[in-house]
Amino acid sequence: MSSTDLSALNSRFAIPGHVQFEDGPGGLTIAEIANSHAEATIALQGAHVMNWQPSGQEPVLWLSRFGKFAPGKSIRGGVPICWPWFGPHAEDAKLPGHGFARTVMWEMLETKALPDGATFLCLGLIETDATRTQWPHPSSAQLRVTVSAELKIELVTCNTSSAPFQIGEALHTYFHISDVANMAIRGLEACTYLDKVGGSSTRKTQRGPIVIESEVDRVYLDTEADCLIEDRGLKRRIRIATRGSRSTVVWNPWIEKAEKMGDFGPEGYRGMVCVESANAVDNVVTVLPGTEHILLTVIGVEALT
Ligand code: TA6
């Protein structure tokens with residue numbers, strides 16, 4: 001972004017002691033948030049929350065040090081937004097996996113310093129001919145983020161057309177963990193999931209907590225449960241609470257897929273796990289004309305006693 005544009009952005013939306021805008025990696029414009037509770041970084045491209053670190057904690061989100069930052073390229077880590085579909089497009093394999101929201105520009109709509117010291121930001125997806133070609137439904141998408149000792153993210157879809165439409169979506173959150181060997185995920189016990197490893201899509205039932213000992217790529221269906229990532233190495237529990245989400249996706253690429261993807265770095269897969277608040281597969285959402293749908297996730301960190 002030119003220095004003029006950057007200074008215009010800062011004059012409209014910067015708040016001393018809360019948020020300012022800077023040139024980030026790969027020339028991406030970023031919002032740097034620092035308040036009395038936490039620090040965070042959000043790229044305007046994709047409205048992509050790249051980092052969130054509550055005071056006194058290690059970073060909670062994982063961001064690859066080997067990711068390629070560039071206009072139009074999805075960022076490996078943080079919270080990519082999958083919208084308005086999840087996974088491959090149902091009819092057209094040429095369209096981008098997980099939709100276009102995470103690789104197009106979003107604009108700042110609002111920033112606010114909240115009375116409790118938290119920072120609120122609202123971004124709106126900028127529609128273009130390219131997005132309208134891929135998604136010909138009159139609609140709008142907003143991301144509302146509250147940065148505090150918890151991270152609250154709302155993905156808001158408005159149907160401004162006269163007909164219903166269906167969306168698939170996910171806040172595809174990459175979490176920083178000490179090591180996959182020290183970690184278990186609770187909250188999805190007894191849930192039905194689609195096992196997508198190896199390109200299959202087999203329905204299975206979760207037995208006990210989730211541990212990662214090989215590639216894991218699962219869409220848990222019909223669940224609104226909080227998920228807990230128990231990290232014995234960092235002696236902390238990350239809680240992922242949701243509203244307006246009926247699916248949870250759990251993913252770790254493990255060795256071979258991480259190498260193939262090329263942007264995890266050596267052993268990068270060991271320090272991350274994705275637990276994604278979503279609406280996917282059976283749980284795609286029908287948004288009625290003139291209404292809005294909100295996918296909310298609230299992430300918090302607790303001591304693991
Ligand atoms: O959410 C899990 C998943 O659908 C995996 O199948 C894998 O493709 C992952 O998303 C990452 O996808 P990306 O397009 O970001 O490389």
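Every number for a ligand or one of its atoms is a count from 1 in the order of the listing.
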Practice prompt. Could you grab the distance from atom CD1 of Ile177 to atom CG of Leu234, nearest 0.5 Å is fine?
Written response: 9.0 Å
Worksheet item: In Å, rounded to the nearest 0.5 Å, how long is the span from NE2 of His48 to CG of Leu143?
Response: 10.5 Å
Worksheet entry | Gln134 side chain to His89 side chain, donor-acceptor N/O pair below 3.5 angstrom | no
Worksheet entry | Residue pairs, two or more places apart or on separate chains, that pass salt bridge (Lys or Arg N to Asp or Glu O under 4.0 Å) and touch residues 284-305 | Arg237-Glu302, Arg239-Glu302
Item to complete: Heavy-atom cut-off of under 4.0 Å around ligand 1: list whichever protein residues fall inside it, by chain and number.
Response: Arg76, Phe86, His98, Arg102, His172, Lys196, Asp217, Val249, Trp251, Met261, Glu276
Item to complete: Give a yes or no on whether a salt bridge exists between Arg246 and Asp222, defined as a side-chain N under 4.0 angstrom from a carboxylate O.
Response: yes
Discussion item. Testing the 3.5 Å rule here: is there a donor-acceptor pair between the side chains of Glu169 and Asn279?
Written reply: yes
